[in-house]
Amino acid sequence: MVGSISTSWLLSSPSNSKSVSGSDSFSFLATLKPFRYYPFQSRSQDRISPRSPFQSIQIRAGIRELRERIDSVKNTQKITEAMKLVAAARVRRAQEAVINCRPFTETLVGVLHSINQCAQLEDIDFPLSIVRPVKRVALVVVTGDKGLCGGFNNAVIKKANLRVQELKQRGISCVLISVGKKGNAYFSRRDDVDVDKFIEGGGVFPTAKEAQVIADDVFSLFVSEEVDKVELVYTKFVSLVKSDPVIHTLLPLSMKGESCDVKGECVDAMEDEMFRLTSKDGKLAVERTKLEAEKPEISPLMQFEQDPVQILDAMMPLYLNSQILRALQESLASELASRMSAMSNATDNAVELKKNLTVAYNRQRQAKITGELLEIVAGAEALRGS
Amino acid sequence: MTLNLCVLTPNRIVWDSEVKEIILSTNSGQIGVLPNHAPIATAVDIGILKIRLNNQWLTMALMGGFARIGNNEITILVNDAEKNSDIDPQEAQQTLEIAEANLRKAEGKRQTIEANLALRRARTRVEALNTI
């Protein structure tokens with residue numbers, strides 16, 4: 001009767017086979033059967049893994065639990081390994097998407113330059129490039145949709161928070177536009193931050209449509225003078241293990257087509273940076289190359305169908321869209337890279353945990369066999385003696 | 001002598017091949033472009049682009065942008081472009097109705113600006129399906 005209770009409990013517990021850290025379920029088991037199984041030691045002893053294999057970790061549990069734990073760790077390892085491979089494949093596709101963006105941005109910036117030269121409109125202000133005294137700033141925060149990506153989402157959120165504090169200290173109020181489920185969840189819980197809109201990322205890869213939604217919002221906020229400056233907080237894809245949350249000024253646009261950092265450092269859009277996933281020494285690595293785009297020659301006879309002012313007016317939203325899309329894509333690439341490294345670490349941990357569990361299991365098994373042998377021999381001796 | 005048309009959106013190249021003629025909607029009306037057109041630069045309105053390939057017309061909905069016409073080379077940069085074969089009629093109609101409802105509900109300068117833009121886009125998509 002006692003045995004049946006324990007087996008039925010084992011079969012019915014759902015947390016047993018899924019979580020590797022279900023210490024509460026095992027202590028419950030200990031209270032059920034205090035004499036048959038040793039109480040499960042605290043989790044910290046499992047994690048402290050000394051380098052020497054002979055200095056064993058104190059995992060005391062029944063053989064059956066150990067076997068089940070080994071199975072569950074094996075399953076978890078398969079999952080994390082698969083997630084790592086999927087993330088690696090997606091990083092490659094994300095980089096292709098960035099490459100696809102280039103024709104658009106190149107042509108746009110080229111024409112912008114040539115029109116500027118032709119028309120010499122340095123003194124005319126367009127709706128999107130008006131510089132006003134800053135009283136209110138909109139921050140667009142780009143986070144991911146899914147978890148299991150290491151410190152990615154937290155890093156961006158922390159950076160955004162810092163910026164909000166900074167601006168508040170200067171007496172500038174802030175409004176937030178949060179893109180991505182993780183950011184949405186965080187900012188919807190915080191009451192002291194004013195959020196204008198929550199935008200969910202749609203589908204796996206960001207397309208022009210999503211960039212359009214954000215651009216529309218930002219455009220209307222800026223033009224209706226509700227905010228005086230729009231900044232974009234996203235993660236720049238530096239390398240496979242490192243990603244950097246950065247803040248870029250989105251609006252007001254600079255006439256020369258430069259994209260400026262908050263500190264005022266400007267990157268000329270003609271010298272665009274490209275990242276490429278290559279293999280170095282058999283391992284995946286990221287190369288960043290600065291590409292100098294050739295400034296396309298514009299025919300001097302080029303006539304403007306409309307007023308140059310109107311034409312430039314039509315081009316500014318295009319530029320805004322392409323900047324936003326680029327930020328979304330880089331964010332996605334960094335999210336995938338950090339998921340890759342997080343899952344790779346998880347896989348390594350799972351391998352090590354499985355090894356330790358297997359050692360403990362074998363030791364238990366052998367102890368049991370030895371015990372049985374001793375009993376038999378002792379019984380035989382006793383019979384022979386009497 | 002054929003025109004080489006390139007329609008680019010921020011995330012992909014929608015069209016990159018030779019055509020016989022195009023009709024483009026600009027801010028100042030529709031213009032038709034035949035081979036050996038004079039080089040001009042123009043803003044493109046939210047509207048329809050018609051492409052002719054060998055006596056067959058193809059329609060595309062463009063969401064505003066810029067066009068540059070050079071020596072038999074047309075480059076159109078738009079925020080978004082959809083071929084009429086890629087648009088789902090029911091979905092386009094629904095989007096149009098939602099946009100109209102939003103415009104009626106819009107209050108204040110900012111919401112009106114947004115609603116107007118959305119409405120024009122939705123209308124263009126429905127028109128692209130209707131014109132042949």
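Proteins come first, then strands; the chains are lettered A, B, ... in the order of their sequence lines, and each starts at number 1.
- Looking at Glu225(A), there are no atoms closer than 4.5 Å to chain B (heavy atoms on both sides), in backbone or side chain.
- More than 12 heavy-atom neighbours from other residues, nucleotides or ligands sit within 6.0 angstrom of CD on Glu91(B).
- Contact of Leu77(B) with chain A is made through backbone and side chain together, with heavy-atom distances under 4.5 Å.
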Which is it for Met63(B) and Asn321(A) under the side chain to side chain contact (heavy atoms under 4.5 Å, CB included) test, yes or no, and what are the steps along the way? CA-CA 12 Å; Met63(B) 305 298 168; Asn321(A) 265 20; over 6 Å; no
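- When every heavy atom of Pro10(B) is checked against every heavy atom of Ala208(A), the shortest pair comes out as CD-CB, 4.3 Å.
- Contacts of Leu318(A) with chain B are made by both backbone and side-chain atoms, with heavy-atom separations under 4.5 Å.
- Going from atom CZ of Arg68(B) over to atom CE of Met315(A) covers 9.5 Å, rounded to the nearest 0.5 Å.
- With a 4.5 angstrom heavy-atom cutoff, Ile324(A) does not touch chain B via any of its atoms.
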Leu8(B) vs Thr107(A), side chain to side chain contact (heavy atoms under 4.5 Å, CB included): CA-CA, chis, key distance, verdict: CA-CA 9 Å; Leu8(B) 301 176; Thr107(A) 325; 3.8 Å; yes
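- Of the listed residues (Thr9(B), Ile13(B), Asp80(B), Thr26(B)), the greatest number of heavy-atom pairs within a distance under 4.5 Å of chain A belongs to Thr9(B).
- With a 4.5 Å cut-off on non-hydrogen atoms, Thr75(B) touches chain A through its side chain but not through its backbone.
- Here Asn79(B) is the residue among Asn79(B), Asp45(B), Thr42(B) with the most heavy-atom pairs under 4.5 Å with chain A.
- In this structure, the separation between CZ on Phe219(A) and CG on Leu117(B) is 6.5 Å, given to the nearest 0.5 Å.
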